[in-house]
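When a ligand or atom number is given, it counts from 1 through the structure's own listing order.
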Amino acid sequence: MNLIVAITGATGVVLGTRLLEILGDLDDVKSYLILSEWGARLIESEVGASIAEVSKMADFMYDNDDLEAPVSSGSFSIDGMVIIPCTMHTMASIALGFSNDLISRAASVTLKEGRKLVLVVRETPLSPIHLRNMMTLSQAGAVILPPVLTFYHNPQGIDDLVDHIVGRVFEQFQIDHDLYSRWGSKEGGRQAGE
Ligand SMILES: Cc1cc2nc3c(=O)[nH]c(=O)nc-3n(C[C@H](O)[C@H](O)[C@H](O)COP(=O)(O)O)c2cc1C
């Protein structure tokens with residue numbers, strides 16, 4: 001599988017770096033990384049990692065202003081794209097069809113080619129403009145997957161909450177994982193017919 005991974009400048013960039021870290025261990029998934037300028041800045045301030053370190057986790061990496069990159073074209077063989085986290089700025093740009101940087105261009109191409117686009121949109125609270133853009137993109141076929149807190153899997157800390165979101169993204173692409181205990185996966189309950 002060939003997956004475009006974009007990280008934009010919303011808080012929670014650890015979601016993107018964790019996803020890349022796990023993808024790096026999977027032989028059958030190739031990652032194509034694009035960082036927005038603010039995504040890169042937040043990686044340095046929130047994760048404390050250098051861009052050189054993060055780029056090593058990906059199979060390929062492109063500059064966000066490199067509109068000649070392979071992932072800019074629908075003819076390049078890509079299975080899907082995730083933007084994790086996705087800012088309101090990038091979401092608005094995709095919803096309007098701007099395509100003025102590689103992230104929004106690749107997202108636009110992903111949609112027009114009928115491939116899966118997952119947006120881990122992060123903002124709170126949400127204005128009507130944000131909600132309208134989410135609706136536009138959902139109707140265009142994107143999956144809106146906000147990184148909301150979840151407790152049914154009994155998280156022991158932030159790492160478990162991060163892994164839960166990364167796991168939910170992987171499920172969108174049918175990537176196997178054991179990042180959290182799925183609901184109903186534990187022993188218990190009655191067998192049908194009991
Ligand atoms: C520390 C910090 C946290 C931010 N968090 C968010 C956020 O959670 N969601 C959001 O939409 N924008 C957030 N922003 C604002 C974006 O970084 C800003 O809108 C930027 O233009 C986004 O550009 P990009 O989409 O190209 O990354 C944050 C900015 C800073 C400095």
Side-chain angles (χ1 to χ4, degrees), residues 3-21 23 31-55 57-58 60-72 78 80-112 116-150 155 158-159 161-166 168-169:
L3 193 61
I4 303 171
V5 178
I7 300 178
T8 62
T11 188
V13 284
V14 66
L15 293 163
T17 56
R18 177 68 175 142
L19 179 133
L20 275 178
E21 187 184 1
L23 284 184
S31 58
Y32 296 74
L33 175 63
I34 316 167
L35 303 179
S36 74
E37 181 190 338
W38 279 97
R41 287 203 203 188
L42 264 65
I43 285 172
E44 280 164 348
S45 64
E46 288 188 352
V47 179
S50 70
I51 301 314
E53 285 168 318
V54 172
S55 70
M57 298 177 191
F60 303 92
M61 184 174 173
Y62 306 108
D63 290 337
N64 199 20
D65 58 5
D66 181 7
L67 286 163
E68 284 182 321
V71 295
S72 197
I78 283 291
M81 175 172 185
V82 55
I83 307 182
I84 174 167
C86 180
T87 63
M88 298 302 99
H89 163 257
T90 291
M91 177 178 67
S93 171
I94 302 164
L96 288 170
F98 261 12
S99 298
N100 61 335
D101 58 26
L102 188 59
I103 293 174
S104 60
R105 168 65 186 165
S108 174
V109 167
T110 302
L111 285 179
K112 86 178 171 73
K116 181 152 277 190
L117 175 65
V118 175
L119 304 178
V120 182
V121 292
R122 213 243 58 109
E123 187 54 284
T124 196
L126 296 161
S127 75
I129 297 168
H130 300 145
L131 293 166
R132 211 160 28 237
N133 285 336
M134 282 186 209
M135 178 62 95
T136 299
L137 288 165
S138 175
Q139 287 174 335
V143 174
I144 306 296
L145 197 156
V148 293
L149 297 173
T150 316
I158 293 172
D159 290 349
L161 292 168
V162 168
D163 277 2
H164 175 259
I165 296 301
V166 172
R168 299 294 283 154
V169 171

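The single protein non-hydrogen atom nearest to atom 24 (P) of ligand 1 is H89 ND1, 3.4 Å, given as residue, atom name and distance. When only non-hydrogen protein atoms are considered, atom 20 (C) of ligand 1 lies nearest to W38 CD1, 3.9 Å. Scanning the protein heavy atoms around atom 8 (O) of ligand 1, the nearest turns out to be R122 NE, 2.8 Å. Nearest protein neighbour of atom 11 (O) of ligand 1, counting heavy atoms only, is M88 N, 2.8 Å. Summary of contacts: the protein heavy atom closest to atom 6 (C) of ligand 1 is A10 CA, 3.5 Å.
Here the side chains of V5 and I84 are in contact, with some heavy-atom distance below 4.5 Å. Under the 4.5 Å side-chain criterion, counting only non-hydrogen atoms from C-beta, M81 is not in contact with V71. Inter-residue side-chain proximity for M61 and L35 is flagged as met; some heavy-atom pair is nearer than 4.5 Å.
Rounding to the nearest 0.5 Å places CD1 of I51 at 8.0 Å from CD1 of I7.
Residue G9 has at least one heavy-atom neighbour below 4.0 Å for each of these atoms of ligand 1: 4 (C), 5 (N), 6 (C), 13 (C), 14 (N), 15 (C), 16 (C), 17 (O), 27 (O), 28 (C), 29 (C). Counting the atoms of ligand 1 from 1 in the order shown, those under 4.0 Å from a heavy atom of T90 are 24 (P), 25 (O), 26 (O). Atoms of ligand 1 lying under 4.0 Å from any heavy atom of T8, numbered from 1 in the order shown and given with element: 25 (O), 27 (O).
Annotation for I129: atom CD1 does not count as buried by contact number, only 12 or fewer foreign heavy atoms lying within 6.0 Å. More than 12 heavy atoms of other residues, nucleotides or ligands shown are found within 6.0 angstrom of CG on L131.
Residue contacts with ligand 1, taken as heavy atom pairs separated by less than 4.0 Å, involve S36 solely via side-chain atoms from C-beta onward. Heavy atoms of L42 found under 4.0 angstrom from ligand 1 belong exclusively to the side chain.
Taking distance alone, with nitrogen or oxygen atoms compared against 3.5 Å, T11 approaches ligand 1 more closely than that limit.
Contact check on R18 versus E21 returns a salt bridge, with a Lys/Arg side-chain nitrogen under 4.0 Å from an Asp/Glu carboxylate oxygen.
By the definition of a contact as any protein heavy atom under 4.0 Å away, atom 18 (C) of ligand 1 is not in contact.
Counting only N and O atoms by type, the side chains of T136 and N133 include no donor and acceptor under 3.5 Å apart.
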